[in-house]
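Data first, discussion second: the structure below is written as structure tokens.
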Amino acid sequence: MVDFYGRTFESRLLLGTARYPSPEALGQAVARSGAQIVTVSLRRESAAGAKAGQAFWELVKALSVTVLPNTAGCHSVREAVTTARMAREVFGTPWIKLEVIGDDVTLQPDPFALVEATRALVAEGFEVFPYMTDDLVLAEKLVEAGCRVLMPWGAPIGTGRGLNNPYALRLLRKHFPGITLVVDAGIGAPSHAAAAMEMGYDAILINTAVATAGDPPTMAEAFAEAIRAGRRAHEAGLMEPTDLATASTPTFGAPFSPFAG
Amino acid sequence: MRIRLNGELIDTTAEDLAALIEDRGFDVSVVATALNGEFVPRTLRAETKLAEGDAVEVLRPMQGG
């Protein structure tokens, strides 16, 4: 079970809801993967007035999953804090995936704004899931600010490059044994997700790699299996790699040996 | 009066935020509102007066990653 601010979940896969070829594909991907948490966002309603928001929200409600609203697209503390407050009203949850973008090319989160926005939101009772770089000191500041969940990137959003800096990710895991750690962004293949889980990460957040797959529901299931395998391997205790070979078959009694035994 | 609604200049006769939401046919139950960058809770929309040049944001649930 994985713990997010006192709520426990069986599934360690968090699924984004964007970029699917159809609402049906999204629904099937959630069902086949067993994901219990999905990310959602808030966007402008068309100024002409419309009720398009209702359809998507009805679909998500029908999935019977927990929603994690994001502040995607925010570039400042003020925008992110306002968006979080709006999300809390619409989705009725204190959870917020806090994104404050600092660079438009890499969509790298702005670490300074992230800490400031986190402090403001925690003071208002929000439970913050910060989308962050893999910087150790930033992680310290976020935990000091009240985060019990951290979500470092594997690679920039939507790139599918996997774990760009496994060293930094390992360091975070070692440094924060009691914090729920989620790799968020950049995961492209189930093997990337499994690698993060083997390191001891608690969960993985995936969107693009599932949504843009040839068959999103099947890919969602593949990710769920990889995440389970990686978790189980971590729990079982992985061997330490060594430089020199060690025969796995017993050497005693080997045939054609000039020695007895 | 002329205000900016979700980035678009519009003319409206609505005097407060609740009336604007109503006039524009937004779904009251699923939208969140902000006035000039500050969140306005649903319960305060009726008492939130609009003025010439105000910037209103009306957001709804959307797919997200």
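Throughout, a chain's letter reflects where its sequence line sits, starting with A, and its residues are numbered from 1. These values consider heavy atoms only, across backbone and side chains, with no hydrogens, waters or symmetry-generated copies.
Annotation for A:T82 and B:G37: closest pair OG1-O, 2.8 Å, computed over non-hydrogen atoms. Between B:G65 and A:A18, the shortest heavy-atom distance links the atoms N-CB, 4.4 Å. When every heavy atom of A:R85 is checked against every heavy atom of B:F39, the shortest pair comes out as CB-CD2, 3.5 Å. When every heavy atom of B:P61 is checked against every heavy atom of A:V90, the shortest pair comes out as CG-CG1, 3.6 Å. Minimum interatomic distance between A:M86 and B:A34 (heavy atoms only, all atoms of both residues): CE-N, 3.6 Å.
Annotation: the span from A:W57 atom CH2 to B:R60 atom CZ amounts to 13.5 Å, rounded to 0.5 Å.
Only the side chain of A:E99 comes within contact range of chain B, with heavy atoms under 4.5 Å apart. Residue A:Y20: no heavy atom, backbone or side chain, is found under 4.5 Å from chain B. Looking at B:S29, only its side chain comes within 4.5 Å of chain A, counting heavy atoms on both sides.
More than 12 non-hydrogen atoms from other residues, nucleotides or ligands lie less than 6.0 angstrom from CD of A:E127. Heavy atoms from other residues, nucleotides or ligands lying under 6.0 Å from OH of A:Y5 number more than 12. The neighbour count for A:E89 CD, taken as heavy atoms of other residues, nucleotides or ligands under 6.0 Å away, is above 12. Open room surrounds CZ on A:R161; 12 or fewer heavy atoms of other groups in view lie less than 6.0 Å from it. Heavy-atom neighbours of A:E124 CD from other residues, nucleotides or ligands within 6.0 Å: above the threshold of 12.
Side-chain N or O atoms of A:R44 include one that pairs as donor or acceptor with a backbone N or O of B:N6 at under 3.5 Å.
With sequence neighbours left out, the salt bridge (charged side-chain N to carboxylate O under 4.0 Å, His left out) criterion links A:E225 to no other residue.
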